[in-house]
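Some notes on the structure that comes next.
Residue numbers start at 1 and run along the sequence shown. Hydrogens, waters and symmetry mates play no part in the numbers below; they use all other heavy atoms, side chains included.
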Amino acid sequence: MTAEELRDFISSNILTFDNLKIIENGVAYHYTTHFDKIEKTGKFLGAPIDKNLDQTQVTLPSKPATNDLGVVFAYLDEEETRDEGCDCDIVEIEFTKALKATHVQEATLGAPDTILILNTDIKNYKNITGANNT
(Lines give C-alpha, C1' and ligand atoms only; values in the text may rest on other atoms or scores of the structure.)
Protein backbone atom coordinates (compact mmCIF):
# COMPACT_ATOMS: atom_id res chain seq x y z
CA MET A 1 0.00 0.00 0.00
CA THR A 2 1.16 3.53 -0.72
CA ALA A 3 0.39 6.76 1.11
CA GLU A 4 -1.89 7.69 -1.79
CA GLU A 5 -3.82 4.42 -1.45
CA LEU A 6 -4.08 4.95 2.30
CA ARG A 7 -5.46 8.46 1.70
CA ASP A 8 -8.06 7.08 -0.72
CA PHE A 9 -9.04 4.29 1.68
CA ILE A 10 -9.46 6.70 4.58
CA SER A 11 -11.45 9.22 2.57
CA SER A 12 -13.84 6.49 1.44
CA ASN A 13 -14.18 4.62 4.73
CA ILE A 14 -13.33 6.69 7.81
CA LEU A 15 -15.38 9.85 8.22
CA THR A 16 -13.61 10.99 11.39
CA PHE A 17 -10.51 11.99 9.39
CA ASP A 18 -10.78 15.13 7.27
CA ASN A 19 -8.46 17.46 5.31
CA LEU A 20 -6.18 14.61 4.18
CA LYS A 21 -2.90 15.85 2.73
CA ILE A 22 0.20 13.90 1.73
CA ILE A 23 3.49 15.24 3.07
CA GLU A 24 6.90 14.02 1.96
CA ASN A 25 10.29 13.57 3.60
CA GLY A 26 9.46 14.82 7.04
CA VAL A 27 9.82 14.22 10.75
CA ALA A 28 7.04 13.48 13.22
CA TYR A 29 6.86 12.47 16.87
CA HIS A 30 5.18 9.37 18.26
CA TYR A 31 4.50 8.54 21.90
CA THR A 32 4.43 4.96 23.14
CA THR A 33 4.63 2.74 26.18
CA HIS A 34 5.87 -0.07 23.94
CA PHE A 35 9.29 1.14 22.82
CA ASP A 36 10.86 -2.03 24.23
CA LYS A 37 8.95 -4.04 21.60
CA ILE A 38 10.10 -1.68 18.83
CA GLU A 39 13.70 -2.06 20.00
CA LYS A 40 13.38 -5.83 20.24
CA THR A 41 12.06 -6.22 16.67
CA GLY A 42 14.16 -3.38 15.24
CA LYS A 43 11.14 -1.88 13.49
CA PHE A 44 7.75 -0.32 13.93
CA LEU A 45 4.64 -2.39 13.46
CA GLY A 46 1.42 -0.52 12.78
CA ALA A 47 -2.29 -0.39 13.46
CA PRO A 48 -4.33 -2.48 11.02
CA ILE A 49 -5.63 -0.62 7.99
CA ASP A 50 -9.34 -1.16 8.32
CA LYS A 51 -12.54 0.77 9.03
CA ASN A 52 -11.57 0.97 12.74
CA LEU A 53 -8.28 2.76 12.08
CA ASP A 54 -9.51 5.80 14.02
CA GLN A 55 -10.10 3.71 17.16
CA THR A 56 -6.59 2.65 18.14
CA GLN A 57 -6.86 4.12 21.61
CA VAL A 58 -10.06 2.42 22.71
CA THR A 59 -8.09 0.90 25.58
CA LEU A 60 -5.64 2.88 27.67
CA PRO A 61 -2.87 2.24 27.61
CA SER A 62 -3.20 1.29 23.98
CA LYS A 63 -2.25 -2.21 22.89
CA PRO A 64 1.01 -2.73 20.99
CA ALA A 65 0.76 -2.57 17.21
CA THR A 66 0.88 -5.94 15.47
CA ASN A 67 0.71 -5.42 11.71
CA ASP A 68 3.70 -5.67 9.38
CA LEU A 69 1.82 -3.30 7.07
CA GLY A 70 0.05 -0.79 9.26
CA VAL A 71 -0.23 2.81 10.39
CA VAL A 72 1.82 4.60 13.03
CA PHE A 73 0.24 7.74 14.49
CA ALA A 74 2.27 10.83 15.35
CA TYR A 75 2.24 14.62 15.61
CA LEU A 76 4.41 17.18 13.83
CA ASP A 77 5.05 19.12 17.03
CA GLU A 78 7.39 17.51 19.55
CA GLU A 79 6.01 19.49 22.51
CA GLU A 80 2.43 18.49 21.68
CA THR A 81 3.56 14.87 21.56
CA ARG A 82 5.17 15.21 24.99
CA ASP A 83 1.94 16.71 26.36
CA GLU A 84 -0.23 13.97 24.86
CA GLY A 85 2.15 11.16 25.78
CA CYS A 86 2.86 11.97 29.40
CA ASP A 87 5.05 9.25 30.96
CA CYS A 88 5.67 7.68 27.53
CA ASP A 89 8.71 7.26 25.35
CA ILE A 90 8.83 9.94 22.64
CA VAL A 91 10.15 8.67 19.32
CA GLU A 92 11.29 10.90 16.48
CA ILE A 93 10.33 9.31 13.16
CA GLU A 94 11.79 10.23 9.78
CA PHE A 95 9.45 9.26 6.96
CA THR A 96 9.36 9.31 3.17
CA LYS A 97 5.59 9.98 2.98
CA ALA A 98 2.78 10.42 5.46
CA LEU A 99 -0.76 11.75 5.70
CA LYS A 100 -1.65 14.82 7.67
CA ALA A 101 -5.29 14.68 8.77
CA THR A 102 -7.71 16.40 11.07
CA HIS A 103 -9.35 13.97 13.48
CA VAL A 104 -12.65 15.84 13.67
CA GLN A 105 -13.62 14.58 17.15
CA GLU A 106 -10.24 15.43 18.66
CA ALA A 107 -10.09 18.79 16.88
CA THR A 108 -13.16 19.92 18.82
CA LEU A 109 -11.02 19.45 21.95
CA GLY A 110 -8.18 21.53 20.49
CA ALA A 111 -5.99 18.65 19.35
CA PRO A 112 -3.57 19.27 16.47
CA ASP A 113 -3.69 17.41 13.18
CA THR A 114 -2.68 13.77 13.27
CA ILE A 115 0.12 12.33 11.16
CA LEU A 116 -0.53 8.83 9.81
CA ILE A 117 2.61 7.05 8.64
CA LEU A 118 2.69 3.67 6.94
CA ASN A 119 5.31 1.74 8.89
CA THR A 120 6.89 0.84 5.53
CA ASP A 121 7.48 4.59 4.92
CA ILE A 122 9.58 5.00 8.07
CA LYS A 123 13.20 5.73 7.11
CA ASN A 124 14.64 6.07 10.58
CA TYR A 125 13.62 6.55 14.18
CA LYS A 126 15.15 7.27 17.55
CA ASN A 127 13.92 7.47 21.10
CA ILE A 128 14.47 11.14 22.03
CA THR A 129 13.20 11.30 25.59
CA GLY A 130 12.41 7.91 26.98
CA ALA A 131 10.02 7.63 29.87
CA ASN A 132 13.06 7.20 32.11
CA ASN A 133 15.17 9.91 30.42
CA THR A 134 12.95 12.98 30.84
Would His30 and Phe44 count as a ring pair (Phe, Tyr, Trp, His ring centres under 6.0 Å) if you check the C-alpha gap in whole Å, the side-chain angles of each, and the deciding distance to 0.1 Å? CA-CA 11 Å; His30 172 77; Phe44 270 87; 5.5 Å; yes
If the plane angle is over 60° it's perpendicular, under 30° parallel, otherwise tilted; pick one for Phe73 and Phe17. parallel
Note: Leu53 and Ala47 closest approach over all heavy atoms is CD1-CB, 4.0 Å
Could you tell me whether a side-chain N or O of Asp77 sits under 3.5 Å from a main-chain N or O of Glu80, the two making a donor and an acceptor? yes
Nearest 0.5 Å please: distance from the CZ atom of Phe35 over to the CG atom of Asp89. 6.5 Å
Using every non-hydrogen atom in the two residues, find where Ile22 and Leu99 come nearest and quote the distance to one decimal. CG1-CD2, 3.4 Å
Show, in sequence, the C-alpha distance, side-chain angles and deciding distance for Ile117 and Ile122, and conclude whether the side chain to side chain contact (heavy atoms under 4.5 Å, CB included) test is met. CA-CA 7 Å; Ile117 309 165; Ile122 294 174; 3.8 Å; yes
Report yes if some heavy atom in the side chain of Thr32 is under 4.5 Å from a heavy atom in the side chain of Cys88; otherwise report no. no
Could you grab the distance from atom NE2 of His34 to atom CG of Leu45, nearest 0.5 Å is fine? 11.5 Å
Between Phe9 and Ile23, is there a shared hydrophobic cluster once you connect ILVMFWY residues whose side-chain heavy atoms come closer than 4.5 Å? no
Atom NZ of Lys123: over 12 foreign heavy atoms under 6.0 Å: yes
Closest heavy-atom pair, Val104 versus Leu15, reported as atoms and distance to 0.1 Å, is CG2-O, 4.2 Å
Here the gap from Thr96 atom OG1 to Glu24 atom CD, rounded to the nearest 0.5 Å, amounts to 8.0 Å
With clusters defined by side-chain heavy atoms of hydrophobic residues (ILVMFWY) lying less than 4.5 Å apart, directly or transitively, does Leu118 cluster with Ile93? no
When you look at Asn25 and Glu94, which way does the side chain to side chain contact (heavy atoms under 4.5 Å, CB included) test go after all the steps? CA-CA 7 Å; Asn25 297 312; Glu94 291 179 57; over 6 Å; no
Shared hydrophobic cluster for Ile115 and Tyr31 (ILVMFWY, side-chain gaps under 4.5 Å): no
Does any non-hydrogen side-chain atom of Leu69 lie less than 4.5 Å from one of Met1? yes
Determine, using the 4.5 Å side-chain heavy-atom cutoff (strictly less than), whether Tyr125 and Leu76 are members of one ILVMFWY cluster. yes
In this structure, would Tyr75 and Ile90 fall into the same cluster of hydrophobic residues linked by side-chain contacts under 4.5 Å? yes
Regarding Asp113 and Thr102, is there a side-chain donor-to-acceptor distance under 3.5 Å anywhere? yes
Separation of Ile10 CD1 from Lys51 NZ (nearest 0.5 Å): 13.5 Å
What's the shortest heavy-atom distance between Val27 and Phe95, and which atoms? N-CE2, 3.6 Å
Measuring from atom CZ of Arg7 to atom NZ of Lys21, what distance do you get when rounded to the nearest 0.5 angstrom? 12.5 Å
Contact check, side chains of Thr2 and Lys97, non-hydrogen atoms, under 4.5 Å: no
Side-chain touch Ile49/Leu6, heavy atoms, less than 4.5 angstrom: yes
From Leu116 atom CG to Leu20 atom CG, the distance as rounded to the nearest 0.5 Å: 8.0 Å
Flag the pair Val91 / Lys126 as yes when at least one side-chain heavy-atom distance between them is below 4.5 Å, and no otherwise. no
